[in-house]
Amino acid sequence: EQVELEPLHQTIAELESVIQTLEEQERQIAVRIQSNESIRDACRKGAASLQGAQEDYLRLKELSDTANGELTGRAKITFERYVQGRFFRQIVARANRRLYQMTNGRFQLAMQETAQNNRGKTGLDLDVIDHYTGKRRSVKTLSGGEAFQASLSLALGLSDVVQRRSGGIQLDAMFVDEGFGSLSGNFLELAMNELIDTAENGHRLIGIISHVEEVKGRIPRRIEVTKGRTGGSAAQIR
């Protein structure tokens, strides 16, 4: 059988052109595959590095939240307040010795063991134990005179702790500004006795500002300031 060769040559030329096009596409695809494999490997390394960084971040964030008192659902106690609380317990212990004397054994201060809520900062809050009623309550419920007694006790307790812990530092002077007017006669006497005992046995100079006559009568050395009728004032050492 005789066959026309020209159509076959044309078909062969067309197929060779197609083959050439496919080979070029194959080379381009091979280049893309190689590039994509490099990108894939880099992504895998990046993902592994990112996972490690995320784990480190979570650990550091938990540490930061703990130190800053920001843990969800936990008491808002910062690291600073935690450290202060360790010293504050010592101050409260020393203050209770004074407060017991000033209140005839009625009140005792105690640090709050649990936060009232998990929203506000906490860690240095105080309760008062009332031995007359046997109940524990917030110091915010103290009357003006009782709060003054507690504050004075804390000031004296702070002075004791600072002197004991600070390598021989001596607090030679204290200054009390008012508050005595909120005390009744008996408790005023107890507070003054405590201050006088601190001054004499602790060898300290204690300065007091007061308008209460009973207090003025207990101060042996004082500066009396009187207001003049025409304005101004005068000071007299007694």
Side-chain angles (χ1 to χ4, degrees), residues 75 77 81-117 120-166 169-222:
I77 302 177
R81 282 174 175 250
Y82 172 78
V83 174
Q84 290 174 342
R86 297 294 297 271
F87 290 98
F88 195 37
R89 291 180 188 277
Q90 301 175 31
I91 295 171
V92 171
R94 300 289 297 188
N96 277 331
R97 301 181 183 182
R98 316 296 184 112
L99 186 60
Y100 186 86
Q101 297 293 332
M102 289 187 203
T103 61
N104 279 330
R106 178 177 181 180
F107 292 127
Q108 176 184 352
L109 297 173
M111 293 187 66
Q112 290 183 4
E113 299 298 332
T114 57
Q116 295 180 350
N117 58 66
K121 298 294 183 182
T122 186
L124 299 175
D125 299 314
L126 284 174
D127 286 336
V128 60
I129 299 174
D130 190 337
H131 293 294
Y132 285 11
T133 63
K135 294 182 178 181
R136 179 170 178 156
R137 50 191 170 92
S138 171
V139 291
K140 296 177 182 178
T141 63
L142 291 174
S143 66
E146 294 166 349
F148 173 74
Q149 291 173 315
S151 298
L152 182 58
S153 299
L154 286 169
L156 295 172
L158 174 62
S159 173
D160 292 340
V161 171
V162 168
Q163 291 186 112
R164 190 179 65 201
R165 295 186 59 90
S166 298
I169 290 179
Q170 179 70 27
L171 298 181
D172 296 319
M174 293 186 63
F175 201 75
V176 183
D177 186 3
E178 276 297 355
F180 295 95
S182 59
L183 299 176
S184 61
N186 182 43
F187 291 114
L188 176 61
E189 184 74 13
L190 291 172
M192 289 301 300
N193 289 340
E194 189 66 30
L195 287 174
I196 291 173
D197 180 71
T198 300
E200 294 178 350
N201 296 325
H203 306 290
R204 302 179 203 173
L205 175 66
I206 298 181
I208 297 173
I209 291 180
S210 181
H211 298 85
V212 180
E213 291 296 329
E214 291 83 350
V215 174
K216 291 161 62 176
R218 296 290 303 274
I219 301 176
R221 294 181 296 276
R222 60 188 185 272

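Residue numbers run from 1 in the order of the sequence given.
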Roughly how far apart are [X] [atom1] and [Y] [atom2], rounded to 0.5 Å?
X: Arg221; Y: Leu205; atom1: CZ; atom2: CG; answer: 8.0 Å
X: Gln90; Y: Asp160; atom1: CD; atom2: CG; answer: 11.5 Å
X: Leu158; Y: Gln163; atom1: CG; atom2: CD; answer: 10.0 Å

>> Can a donor-acceptor pair be found, under 3.5 Å and without considering hydrogens, that links the side chain of Asn193 to the backbone of Glu189?
In response: yes

> What residues form a side chain to side chain contact (heavy atoms under 4.5 Å, CB included) with Glu194, not counting sequence neighbours?
Replying inline: Arg98, Gln101, Met102, Leu156, Thr198

Is any side-chain heavy atom of [X] closer than 4.5 Å to a side-chain heavy atom of [Y]?
X: Ile208; Y: Arg222; answer: no
X: Thr103; Y: Tyr132; answer: no
X: Ile209; Y: Phe175; answer: yes

Least distance between heavy atoms, [X] atom then [Y] atom:
X: Gly157; Y: Arg94; answer: CA-CB, 3.9 Å
X: Met111; Y: Arg136; answer: O-NH2, 2.7 Å
X: Leu124; Y: Arg81; answer: CD2-O, 3.8 Å
X: Leu183; Y: Gly145; answer: CD2-O, 3.3 Å
X: Ala150; Y: Leu142; answer: CB-CD1, 4.2 Å
X: Ser153; Y: Ala95; answer: O-CB, 3.3 Å

>> For a side chain to side chain contact (heavy atoms under 4.5 Å, CB included) check, start with the C-alpha distance between Leu154 and Phe88, then their side-chain angles and the critical distance, and finish with the verdict.
In response: CA-CA 10 Å; Leu154 286 169; Phe88 195 37; 4.2 Å; yes

> Would the number of heavy atoms belonging to other residues, nucleotides or ligands and lying under 6.0 Å from NZ of Lys135 be above 12?
Replying inline: no

> Looking at Asn96, Ile129, Val139, Leu99, which hits side chain to side chain contact (heavy atoms under 4.5 Å, CB included) with Phe107?
Replying inline: Leu99

